[in-house]
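To start, the structure under review is shown below, and the notes come after it.
Side-chain atoms are counted along with the backbone in the values below, which use heavy atoms only and exclude waters and symmetry mates. Remember, it's 1-based here, ligands and their atoms both numbered in the order they're listed. Given the structure is predicted, the values throughout are model-derived calculations rather than measurements.
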Amino acid sequence: MSKEIVVSGIRSTGYLHLGNYFGAIQNYIKMQENYNCYFFVADYHSLTTHPDPKDLKGNVFRVLAENIASGLDPEKVALYAQSDVPEIPELYLMLNMLAYKGELEKVPTFKEKVRLNPDNVNAGLLTYPVLMAADILIHKAVKVPVGKDQEQHLEMARNFAVRFNGRYGDFFPEPHVYRFSSDTVKIMSLDGEGKMSKSENVNATIYLSDADDLIKKKIMKAKTDSGPTEPNAEMPDYIKNLFVLMQMVSAPETTSHFRETYANCNVRYGDFKKQLAEDMVKFVAPIRDRAAELQQNEEYLRKILKMGAEKARESASKTIEGARKLIGINYY
Ligand code: TRP
């Protein structure tokens, strides 16, 4: 049986951090074994905020290098830049004719962007979900691994697929959010304020590019308290989060040792954090160094992009050909 098709887009803005690693990349790495995966850098999407042209290539190459260094295998998945697949903007144009201004204006992420940047309400921002639908439907994907914040966009992609099928004939399967296994962890910010995020509070976020000293410093500053006062006390979220991190990067015995000290009320947060910092450095350093090395090797990254674009275009051109015919663009 042929493998199910998976598509996911990687934002090209911001540096990758532990939240991305444990939330998304680790799942991509699991999926690459069992699915037909198309993973791409969403560089067109990033144009909605007009990044400096000088930065674009660096951003794309960096996320590419960081994802490969984390374990994404360009031989197993199609790893490409969105802008290298012209069939995507073509399908985007077709879908735009089926997308209504009213429904686009109602999208919460759009409303949020309007609120934050009232001076840059461009049409690309309004039609962001249409481009995203094109990214997905161009490969007739059925599974899309994305976070909660993208569920509304996925619903719109389904609507556009159904609308296209209703008007022109059955063509697109309906894509659904792929729920990462239920044990996917949420990584919270080290200050205990919300989730670890690209843009907020850089001091409470550990990036895959952070130097050893910086990682240590951030962990040593992580929020704790005066400790539990009764045996087997419930942990506050910010302590739980440190244990989650330890579980991801330390030996199981280490984690259970510190869990015991917590349960017995004799946990010493200083020692706990020192151990976590040490193990975190051991975990991040090889990824960081490999990503830096890859970024130096532009020739290699260009080769990956080319190879990915070829795989992606093979699938994309079939879809576009079919869509053109159904729409009636069928002149020769
Ligand atoms: N909008 C997604 C995000 O902000 C990125 C993205 C773009 C995407 N196109 C996609 C994700 C297609 C999944 C499928 O994270």
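- The closest side-chain donor-acceptor pair between Tyr128 and Thr109, if any, does not fall under 3.5 angstrom.
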Which N or O atoms of ligand 1 sit under 3.5 Å from a protein N or O, and how far apart is each pair?
from     : atom 1 : to     : atom 2 : distance (Å)
ligand 1 : 1 (N)  : Tyr128 : OH     : 2.8
ligand 1 : 1 (N)  : Gln150 : OE1    : 2.9
ligand 1 : 4 (O)  : Arg11  : NE     : 2.8
ligand 1 : 4 (O)  : Arg11  : NH2    : 3.4
ligand 1 : 4 (O)  : Tyr128 : OH     : 3.4
ligand 1 : 4 (O)  : Gln150 : NE2    : 3.2
ligand 1 : 9 (N)  : Asp135 : OD2    : 2.7
ligand 1 : 15 (O) : Arg11  : NE     : 3.0
ligand 1 : 15 (O) : Arg11  : NH2    : 3.4

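- Annotation: Glu321, atom CD; neighbour count of heavy atoms from other residues, nucleotides and ligands within 6.0 Å does not exceed 12.
- A donor-acceptor pair shorter than 3.5 Å cannot be found between the side chains of Asn201 and Ser189.
- A donor atom on one side chain and an acceptor atom on the other are not found under 3.5 Å apart for Tyr38 and Asp135.
- A salt bridge (charged side-chain N to carboxylate O under 4.0 Å, His left out) with Asp210 is found for one member of Lys218, Lys217, Arg288, Lys216 and no other, namely Lys218.
- For residues 322-332, the set of pairs meeting the side-chain hydrogen bond (donor to acceptor under 3.5 Å, both in side chains) definition, not counting sequence neighbours, comprises Glu90-Arg324.
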